[in-house]
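Counting convention: from 1, in listed order, for ligands and their atoms alike.
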Amino acid sequence: MPGVLVTGGTGKTGKVLVQVLRNAGVQARVASRNPAAADPDPIRFDWNDPTTYGPALDGMDRVFLLPPVESVDPLPLVEPFLRRAQRAGVQRLVMLGSAIVLPNAPSAVEMAAQVQAQPGGVVLRASGFMQNFLRPHPLAEHIHRLGEIRTAAGDGRLGWVDARDIAASAAALLADLEVDARSDYLITGPHGMSYPQAAQIITAQTGRRVRVERITEEEQAAAHRASGMPPAFADALAAVERGIKEGREDQVSTAVLELTGRPPRTFAEFVSDHAYEWTQ
Ligand SMILES: NC(=O)c1ccc[n+]([C@@H]2O[C@H](COP(=O)([O-])OP(=O)(O)OC[C@H]3O[C@@H](n4cnc5c(N)ncnc54)[C@H](OP(=O)(O)O)[C@@H]3O)[C@@H](O)[C@H]2O)c1
């Protein structure tokens, strides 16, 4: 029976996407390096093991594609997967990409172009995830331990989006092949927000005092490396903060409303839904 292969199906976005699809009666296959025996349709899938690509795609006519994470050059692994997907007859392929193009990662643009060249290929360019404010993300761990956000982004704003809204947007495109799809969507929350504004909202709503420590890009890169990120990825992520600080990433769209029929969640709603994170 045709259905949706959800790569990254155990992650923040993929897990919600699987739930939404299954609630709508759509078959969703959860791809994971460690497939859960209790899941109704699990499959072993590892980007580093191309022999897992074919069995994962077998019988599927749609794919949610989460490229290899924490990599500045995912294309060499994604390219053969795309060829296989096309041979397998996949009719819609929705990739979770990023609104921000990582510096030193030129293949991201080429990868998006290759996805869009696939039958039914769609790229979701997602803004920063509000879920970065939840543990175990290093940003959230720091808030939890020290009541502090360390950032090189200054007062620059980003159109933070709730991963649940990304999942709902992807579900709208994957549940029904009859739905018209563009090849590119910028997926954001309802408005731009800086780190100091985020700190204010958390403090006002939960009583947890959060202050902002302004650091340099080099200090940010060192902190990312210390949290265990691959060095090239840590440096690229720190360089992103310069773009945010300079206002280059301050953009919002209406794509979530267009795709799901309801506006994206605000950061205040997100904080309210996860208040336990800052009150325990
Ligand atoms: N955080 C942000 O602000 C932000 C903004 C824009 C875009 N993004 C993009 O969003 C993506 C992360 O999405 P997410 O937060 O929903 O995921 P996540 O919660 O970080 O989970 C990562 C997923 O990737 C899977 N995975 C890891 N290594 C794998 C491998 N070698 N082979 C196959 N699967 C592997 C994991 O599955 P298993 O462990 O079960 O194998 C898991 O399902 C990243 O690509 C990032 O670039 C993030």
Side-chain angles (χ1 to χ4, degrees), residues 5-20 28-39 42-53 55-57 63-78 80-81 94-103 105 107-109 111-112 115 123-140 151 153 158-171 185-189 193 195 198 224 227-230 233-234 236-238 240-241 243-244 249 251 253 255 267 270:
L5 171 67
V6 182
T7 62
T10 58
K12 290 183 284 295
T13 314
K15 204 188 278 186
V16 179
L17 172 61
V18 167
Q19 268 171 11
V20 176
R29 179 177 291 170
V30 177
S32 167
R33 287 166 298 177
N34 304 296
D39 189 274
I43 189 89
R44 192 176 96 75
F45 179 82
D46 187 342
W47 281 113
N48 296 310
D49 180 0
T51 66
T52 63
Y53 300 178
L57 284 162
V63 173
F64 176 72
L65 174 62
L66 188 89
V69 293
E70 296 197 349
S71 165
V72 290
D73 191 19
L75 189 56
L77 296 174
V78 171
F81 178 85
V94 176
M95 181 181 90
L96 176 54
S98 176
I100 299 178
V101 177
L102 284 184
S107 84
V109 174
M111 183 167 67
V115 166
V123 175
L124 303 181
R125 290 182 295 114
S127 188
F129 291 9
M130 293 180 184
Q131 275 73 6
N132 294 358
F133 289 85
L134 302 179
R135 285 170 287 162
H137 194 282
L139 170 67
T151 178
L158 197 60
W160 295 96
V161 63
D162 191 313
R164 294 172 293 178
D165 291 324
I166 306 173
S169 301
Y185 293 89
L186 173 66
I187 303 284
T188 74
M193 178 184 73
Y195 281 109
H224 287 327
S227 78
M229 276 181 198
F233 188 73
L237 214 54
V240 159
E241 302 234 320
I244 299 174
E249 310 298 347
Q251 44 180 350
S253 78
F267 189 68
F270 169 83

Trainee: For the 3.5 Å polar cut-off, considering only N or O atoms, please tell me whether G97 and ligand 1 meet it.
Mentor: no

Trainee: Just to be sure I read this right, does ligand 1 sit under 4.0 Å from the backbone of P68, its side chain, both, or neither, counting only heavy atoms?
Mentor: neither

Trainee: Checking a contact table here: which protein heavy atom is nearest atom 39 (O) of ligand 1, and how many Å away?
Mentor: R33 NH2, 2.6 Å

Trainee: May I ask you to identify the nearest protein heavy atom to atom 12 (C) of ligand 1, giving residue, atom name and distance to one decimal place in Å?
Mentor: L66 CD1, 3.9 Å

Trainee: For D46, is there any backbone N or O sitting under 3.5 Å from a side-chain donor or acceptor partner on T52?
Mentor: yes

Trainee: Could you check whether any side-chain heavy atom of L66 comes within less than 4.5 Å of a side-chain heavy atom of T13, counting everything from C-beta outward?
Mentor: no

Trainee: To which protein heavy atom is atom 31 (N) of ligand 1 closest, and what is the distance rounded to 0.1 Å?
Mentor: D46 OD1, 3.0 Å

Trainee: Short check: is a protein heavy atom less than 4.0 Å from atom 18 (P) of ligand 1?
Mentor: yes

Trainee: Report the part of T7 in contact with ligand 1, treating N, CA, C, O as backbone and CB onward as side chain, heavy atoms under 4.0 Å; options are side chain, backbone, both, neither.
Mentor: neither

Trainee: Does ligand 1 have any atom that is closer than 4.0 Å to a heavy atom of A99?
Mentor: no

Trainee: Please list the nearest protein heavy atom to atom 43 (O) of ligand 1 with its residue and the distance rounded to 0.1 Å.
Mentor: T10 OG1, 2.8 Å

Trainee: Mind checking whether A126 has a heavy atom under 4.0 Å from ligand 1?
Mentor: yes

Trainee: With only distance considered, is S127 within less than 3.5 Å of ligand 1 through an N or O on each side?
Mentor: no

Trainee: I'd like to check which ligand 1 atoms, numbered from 1 as shown, lie under 4.0 Å from a non-hydrogen atom of S98.
Mentor: 6 (C), 7 (C)

Trainee: Ring centres of W160 and F270 under 6.0 Å apart?
Mentor: no

Trainee: Need the ligand 1 atom indices (1-based, order shown) with element for anything under 4.0 Å from a heavy-atom of N132.
Mentor: 1 (N), 2 (C), 3 (O)

